[in-house]
Number of protein chains: 2
Amino acid sequence: MQHPTGQMTPTPMAQSRLPAHELIYRRLRDMVLYGDLAPGQAVTIQGLTSQLGAGMTPVREAIRRLISRGALETRGNRRVSVPRLKIEHIEEIIQARKWFEPHLTRRATVRATAADITALTGIDSALDDAILAGDLRGYLELNHRFHRRIYDMADSAILSEMADGLWLRFGPAMRVVCGRVGTQNLPDMHKAAVDAIGRGDADAAAAAISGDVLQGMQQLRASLADAGEVE
Amino acid sequence: MQHPTGQMTPTPMAQSRLPAHELIYRRLRDMVLYGDLAPGQAVTIQGLTSQLGAGMTPVREAIRRLISRGALETRGNRRVSVPRLKIEHIEEIIQARKWFEPHLTRRATVRATAADITALTGIDSALDDAILAGDLRGYLELNHRFHRRIYDMADSAILSEMADGLWLRFGPAMRVVCGRVGTQNLPDMHKAAVDAIGRGDADAAAAAISGDVLQGMQQLRASLADAGEVE
DNA sequence: GCGCGAACAATATGATCAAATTATGCGGCG
DNA sequence: CGCCGCATAATTTGATCATATTGTTCGCGC
């Protein structure tokens with residue numbers, strides 16, 4: 001029962017008794033995560049207060065939290081904007097995910113319940129639909145949800161939070177790249193992963209997830225190397 | 001009302017005026033990091049406003065940032081306190097550092113300059129003094145500075161930030177443990193590490209740092225396993 | 001043991017101040 | 001006569017605060 005920082009939304013059944021700064025944070029986080037905010041775009045605090053109809057303080061706190069997680073950055077002295085992902089930062093993210101993802105997948109595999117398997121299968125099925133429909137936003141959201149479900153299964157609060165934080169960094173760039181490439185030839189080794197997890201084969205599951213992640217990250221890197229700038 | 005009589009920041013040079021929320025954040029972070037706040041201790045926002053002589057908004061933002069990094073937690077619904085490190089969380093931190101530290105050390109080794117070596121040597125020398133003097137706070141601070149200097153040398157903004165964030169989680173517990181054990185028999189494989197970095201021997205450097213970190217973390221785990229509760 | 005209310009602490013707002021960016025106007029130079 | 005650069009004004013935006021509001025805790029009387 002611990003999501004005090006609120007970077008994870010475990011259940012969609014959220015209590016509406018949550019403070020405003022928490023709600024604002026989640027909305028802003030999702031906007032970053034699923035590409036509603038473009039890389040380089042400025043994020044003004046007063047713009048958000050009017051756009052979201054909220055007061056200044058909750059918005060400020062939400063922005064600070066996003067900055068703290070690397071989802072936003074302060075440029076120059078005070079202005080805040082969505083970071084433009086640099087090539088060396090992608091390298092770092094690749095290195096990190098190359099360790100985090102198989103590690104968490106292994107732990108998830110040995111802890112997986114039947115409910116977990118059906119949940120993963122369901123998410124992946126919905127993800128296929130989104131791909132076929134060309135629903136970019138749906139793809140991004142379901143893909144993230146798939147991986148985060150595995151994080152949750154791993155029962156590693158700290159490591160999951162760290163791995164999840166990486167998504168905030170490549171989210172905006174991912175949106176741009178997918179918008180260019182299209183949703184058709186996106187990596188999807190999810191079925192192999194779910195299968196391996198269901199069999200309890202941690203090695204195979206870790207390999208499948210690693211392959212999935214690596215493929216996606218390398219596509220991101222390649223697309224970003226082409227057009228060094230993404231606006 | 002309160003005009004800063006001067007920017008007498010101890011070590012850094014002429015730092016242009018940083019916003020209050022940034023200064024408060026750093027002070028609070030250091031308090032967590034070096035054990036001025038005990039695990040489980042409550043952190044009230046109004047207490048800090050009066051203690052630090054600051055307004056509410058900067059304090060709130062600083063606290064949010066610390067929560068976001070796992071340095072503080074919201075207990076129940078609203079109250080904020082320093083987290084009590086649980087044994088399973090230590091396991092996670094150990095796993096993470098077991099990957100982060102050698103990775104960053106390798107990168108640091110191939111990028112090390114002469115200035116880096118002298119800096120590391122200087123920090124480690126001061127650290128020895130602190131140990132001899134039984135200066136616990138000095139030990140904690142210099143030990144952290146030593147490792148963070150290596151992070152900086154690795155030139156990996158994202159990974160460094162993640163690795164550094166882990167310190168916020170075990171900082172308070174580390175203080176308690178060191179207070180019990182004393183500063184004498186604390187791990188210090190720093191000299192071997194600096195030596196290896198100076199030789200450009202990435203493998204040896206990574207091994208030394210790994211040993212140093214593992215030793216410290218295992219001591220932490222052992223001490224915490226003894227007295228499950230730390231007050 | 002169980003409400004009830006007082007005290008306390010966090011949440012949220014809008015006002016106010018300060019900084020930075022953009023717009024503007026003036027004079028000199030080509 | 002028109003263009004450029006610099007200085008200054010205007011506007012936008014961020015930082016901070018005092019205060020009102022809301023929710024939580026805890027002691028007191030029943």
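In what follows, every chain begins at residue 1, and chains take the letters A, B, ... in the order their sequences are listed. Heavy atoms only: backbone and side chains are in, while hydrogens, waters and symmetry mates are out.
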### Message
Checking contacts here: which listed nucleotide (dA10(C), dA12(C), dT16(D)) is nearest the side-chain heavy atoms of His21(B)?
### Response
dT16(D)
## Note on the structure
Here the distance between atom P of dG14(D) and atom CG of Leu18(B), to the nearest Å, is 18 Å
### Task
Round to the nearest Å and state the distance from Gln46(B) atom CD to dT24(D) atom P.
16 Å
### Task
May I ask you to evaluate whether Arg64(A) reaches the phosphate of dA15(D), defined as a side-chain N or O under 4.0 Å from OP1 or OP2?
yes
#### Entry: Of Glu61(B) and Met56(B), the one whose closest DNA chain D nucleotide lies more 5'
Glu61(B)
### Summary
Between CG of Leu48(A) and P of dA15(D) the distance, given in whole Å, is 13 Å
### Query
Does any donor atom in the side chain of His147(B) or Asp164(B) lie under 3.5 Å from an acceptor atom in the other side chain?
no
### Summary
When rounded to whole Å, the OH to P distance for the pair Tyr25(B) and dA15(D) reads 16 Å
### Task
Taking only the side-chain heavy atoms of Arg79(A) (C-beta and beyond), determine which of dC17(D), dG14(D), dA12(C) contains the nearest atom.
dG14(D)
### Query
Please give, in whole Å, the distance from dA19(C) P to Glu22(B) CD?
17 Å
### Task
Specify the separation, in whole Å, of atom CZ of Arg65(B) and atom P of dA15(D).
11 Å
### Task
Look at all strands and tell whether Arg75(A) reaches a base, only sugar-phosphate, or nothing, counting heavy atoms closer than 4.0 Å.
nothing
### Query
Step by step, would you call Glu91(B) with Arg221(B) a side-chain contact (heavy atoms from CB on, under 4.5 Å)?
CA-CA 8 Å; Glu91(B) 297 297 340; Arg221(B) 173 169 57 186; 2.9 Å; yes
#### Entry: Nearest-Å distance for atom pair CD1/C1', residues Ile45(A) and dT16(D)
11 Å
### Query
So, is Arg78(A) close to the dT13(D) phosphate, meaning a side-chain N or O under 4.0 Å from OP1 or OP2?
no
### Task
Return each pair, listed once, that meets side chain to side chain donor-acceptor pair (under 3.5 Å) where at least one residue sits in residues 35-55 of chain A; pairs must be two or more places apart or across chains.
Asp36(A)-Arg137(A)
### Task
Give Val59(A) one of three labels, base, sugar-phosphate or nothing, depending on what nucleic acid heavy atoms sit under 4.0 Å from its own.
nothing
### Query
What residues, two or more places apart in sequence or in another chain, satisfy salt bridge (charged side-chain N to carboxylate O under 4.0 Å, His left out) together with Glu92(A)?
none
### Query
With sugar-phosphate meaning primed atoms plus P, OP1 and OP2, does Thr44(B) contact a base, only sugar-phosphate, or nothing at under 4.0 Å between heavy atoms?
sugar-phosphate
### Query
Using 4.0 Å as the upper bound for N to carboxylate O, is an ion pair formed by Glu61(B) and Arg65(B)?
no
### Query
Does Gly47(B) or Thr57(B) map to a spot on DNA chain C nearer the 5' end, using the closest nucleotide for each?
Gly47(B)
